[in-house]
Amino acid sequence: MSNPPRTSDEIRDAFISFFKERGHVLLPPWPLVPIGDPTSMFTSAGMQQFKPQFMGEEPPAAPRVVTVQRCFRTTDIEEVGDLSHLTAFEMLGNFSFGDYFKREAIRWAWELLTEVYRLDPSRLHATIYLDDDDSYRFWREVGLPDDHIHRRDEDLNYWFSFPKDTPGASGPCGPDSEIYYDLDPSRDPAEARLHTGPDGRPAGVGYSDRFLEIWNLVFMQLYQHPDGRRTNLPAQNIDTGSGLERVAMVLQGKRSVFETDIFLPILAEAQAVVGVDYLGGAATELQAYAIRAMAEHCRAATLLIGDGVVPSNEGRGYVLRRVIRRAIYFARKVGVREPFTHRLAAAAIGRLGGYYPHLVENQAFIQRALSAEEERFTRTLEAGTHRLEDLLERLRAAGASTIPGDEAFTLYDTFGLPVELTREIAAAEGFALDDAGFHAALEAQRARARQQGAFLKGEVSPIIQQLGDDHSNFVGYTHTEADAAVVAILRGNALADLLTEGQQAELVLSTTPFYPEGGGQVGDRGNIVTPTGVFLVEDTQASGGAIVHRGRVVEGEIRASQRATATVDLHWRRGAARNHTGTHILHAALRAILGTHVRQQGSLVTPDRLRFDFTHLEQTPREALAEVQQLANEKVRHDLEVQWRTTGYRQAIESGALAFFGDKYGSEVRVVEIRENSHVFSAELCGGTHVHHTGQIGFIHIIREGAVAAGTRRIEAVTGRAAEAYLLEQQDRLLRIAERLNTSPAEVEDRIDALQSELERLRKQAEQLARVQAAALAEGLVAGAERVGEAALVVARVDALSQDVLRDVADRLRGRLKSALVILAAEIEGRPAFLAAATPDLVARGVHAGTIIRAVAQAAGGGGGGRPDLAQAGAKDPSRIDAALAEGRRLGLEALSG
Ligand code: SER
């Protein structure tokens, strides 16, 4: 017998080989983003990708399947940092679709554990559902003694593929049997039985930490309906899941998953960051907790970013953000101030990269995404902390000693300040936090999110339901014109029989070539002609389960049930098709040039332009954009065929077609593909309309590219005739510019350079002249200065061209006259400008240029002020300059003789 597996890589291999030898086919896992399943945010179990097969909606790829599924769960996130909880883990699973059932699942699990892993059988326990006598029998068959088989209720021995506490949630489920490993057999065997622990809570296998769950065998045989009813699934299935980290912990004889080879290199890096010998046992409890949280969260974030999630303020991106921020929060708590997430990510990739090459490929992107978030959060922490301090001050002033829950929630939700941190800072200043209020606010937000989720699923409107099934047969992929019947006329929320000229309405047809807005592509326009009238379609939408044509009657009248010819505006449709195919080509070109981390997010496809967002961290250099455009247009020139086919969702994903996160796909999907010889240049799941050959696009021209959010960029482009028009206009503008510069387009830049140097030369000359002018003016004014005691008073209107000259004159006067008060006025660009300046000795005597100039400007209907030694002001009416100066002189005399 060969040695039992020890390392995590060996365990994975052993599991896969064991089940392959028993007729299982190894299938690729899902990414952590469950594509085509908008009801779940993350892939959290191996069975998730098999829901349609369990429900009989889709044939399984094979009756027996084995997978290694990376999973992410947020349920325990607040506990990560202790010895056992994780958000990300790998689940080893074997599956049967109506093939083998309980007996084999139990026997094989037992064989793998005792013969391949060679675990001590006396340390294994199993739990089974209360009345599951079959499982009891099969466990006895393999040799498990009666006192190692424990019956537990639904809380423990039922598995639901949906959040079972959410009312109305539904999906496959079934009783299960869990396998536990006794971590401390030296203790009393009676502890295995169900009993009440010292804390008054249930204890025993399934409840006590002494017994570690290492494998869950789910007998997936029921479907729970939204109303709670359970009915049989089409077949009896097996879904098992065994956590790789826990199995490694047991086989490597470790105290926690963190000491297994899976975490060791990451922990080593984390302890280096913190600067304490964790593995040598030198860390304080808080340091140890922080090191584990940092390691776990950075590893989880690495896996999430590797599967295309980027930090953001909503949905998956928000969860990722929370994970990263929690790691940083704990790191800061133990004194870490340097960026570290990229280092831990490198360690995680070093460990995982062998089995997950996509992480190595995207390493640079993953590290940059982490560092960018780290930087952002460090700033946020500062801003959030300030806000919290302000809040505490306000509360203190109001005599309160508790932070209201909604305030804590705002700090958390809007400012990204973890509530633990809020609590901690508050406590240090003698404040409590209203936890209940915080959780109420949080719950309210979650409820809103759930509602949005339900809305996404799209209820069929009752009106459309009344129409039965015979409507909205879409033929637009192959036709732009179709004969149809008017099935329904919708006015507001009601059905109508007749529409007269000018009336707005929505028409539903039996058959339609009109593409309803979707996948970013705008809805078609065109017209619907019946024997009695013409309906102009201004927009087409998929709504409430039907294709709805929005518009108005432009001629005659339209009646329900009439025959009709529906014709799409070809010009409109062709433009949209060009831009839709153009979007696919640009997306593929961006991925080819910038890297496969680029993923299109939302998009807009109209007849004259296209725009989409994509994941990418930094600004795209102009040269790279030029390369993208060149590559895209090369594919246009090669006039490649654009093909589409419908296929199974799984086949599509496995063959590399790109799907969009969060989009809902049926089991049959449409793949739009552009190939060059045998190489697939672009393949995407897409329901849109496309050109047949890339050459029809004519030309793709990128108009701009810029940031829209952290980690998300937006690109805009034009194609075909719009691209031509755009370029012509640009050229026209260049010609006009050249004309105005009296030169040719080729020499425009030289001409601008020449103009700029000319401008610079003139500016210098003007400065020089101004200085000469100021000197001359000052000279004249020195001669005319009035003496008041020891000081000189100059009050004058001068011909200065700018405020600078006024100031220069004043400075010169102060220099020449030593002790002087100067009040000047000038008309600059048609408006009065005033300036007062005083030498320091006068300022010391209490002369204030600012006060004087305010009064002077007021005398001319203006205002201003300034320092005691220099002040400026302006007014509107130049005819009042002299009067203002007279007032200036009066004030000057008064100030100097005072
Ligand atoms: N679906 C079960 C679980 O996630 C077994 O794979 O535990």
Side-chain angles (χ1 to χ4, degrees), residues 11-12 15-16 18-19 24 26-30 32 34 37 39-55 60 64-76 84-97 99-102 104-106 108-110 112-113 125-129 132 135 152 154-165 169-181 205-207 211-224 230 233 235-247 250 257 303:
I11 297 167
R12 253 193 235 105
F15 189 93
I16 295 168
F18 180 87
F19 284 101
H24 291 64
L26 175 67
L27 286 185
W30 256 6
L32 285 174
D37 179 2
T39 57
S40 353
M41 202 184 263
F42 294 105
T43 304
S44 60
M47 65 75 67
Q48 215 158 319
Q49 62 166 316
F50 300 123
K51 276 191 206 173
Q53 285 85 342
F54 285 142
M55 282 155 60
R64 299 177 182 188
V65 160
V66 57
T67 64
V68 176
Q69 178 65 61
R70 48 188 183 274
C71 297
F72 181 85
R73 292 183 184 172
T74 47
T75 9
D76 297 326
S84 60
H85 288 98
L86 299 175
T87 59
F89 58 96
E90 289 177 81
M91 194 185 266
L92 308 168
N94 56 294
F95 302 87
S96 152
F97 303 98
D99 189 44
Y100 63 84
F101 201 46
K102 294 183 186 177
E104 292 83 350
I106 288 174
W108 287 336
W110 182 256
L112 182 68
L113 293 175
H125 290 254
T127 59
I128 55 174
Y129 182 59
D132 188 358
S135 292
R152 299 284 185 264
E154 192 167 299
D155 269 352
L156 214 58
N157 281 106
Y158 237 84
W159 200 85
F160 301 87
S161 65
F162 50 91
K164 80 165 204 284
D165 297 325
S170 68
C173 61
D176 66 29
S177 177
E178 298 178 347
I179 306 173
Y180 288 81
Y181 184 75
V205 174
Y207 294 103
F211 304 97
L212 179 73
E213 184 199 336
I214 52 171
W215 205 338
N216 184 11
L217 317 178
V218 182
F219 311 124
M220 197 67 83
Q221 52 192 333
L222 297 167
Y223 181 81
Q224 178 162 320
R230 289 179 194 162
L233 287 173
Q236 294 186 319
N237 312 290
I238 290 293
D239 150 35
T240 89
S242 170
L244 175 63
E245 293 77 4
R246 289 184 178 184
V247 172
V250 167
V257 291
L303 285 163

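Counting starts at 1 for both ligands and their atoms, following the listed order.
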* Asked: Do the side chain of N157 and the main chain of D176 share a donor and acceptor less than 3.5 angstrom apart?
  ->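 Flag set: sc N157 to bb D176 pair under 3.5 Å.
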* Asked: Knowing that exactly one of M91, E90, R70 qualifies, which makes a side chain to side chain contact (heavy atoms under 4.5 Å, CB included) with L244?
  -> E90
* Amino acids in close contact with ligand 1, where any non-hydrogen atom sits under 4.0 angstrom away ->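 For ligand 1, the residues that come within the 4.0 Å heavy-atom cutoff are A45, M47, R73, M91, W159, N216, V218, D239, T240, G241.
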* What do you reckon, are the aromatic ring centroids of F54 and F97 less than 6.0 Å apart? -> yes
* Asked: Y180 ring centre to R152 NZ or CZ under 6.0 Å, with the angle to the axis within 45°?
  ->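 No, a cation-pi geometry is absent between R152 and Y180.
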* To do: Salt-bridge test for E154 and R230: reply yes if a basic N is under 4.0 Å from a carboxylate O, no otherwise.
  =>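 Result for this pair is yes, salt bridge flagged.
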* Which atom pair, heavy atoms only, marks the closest approach of E245 to A88? ->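 Here E245 and A88 meet closest at OE2-O, 4.3 Å.
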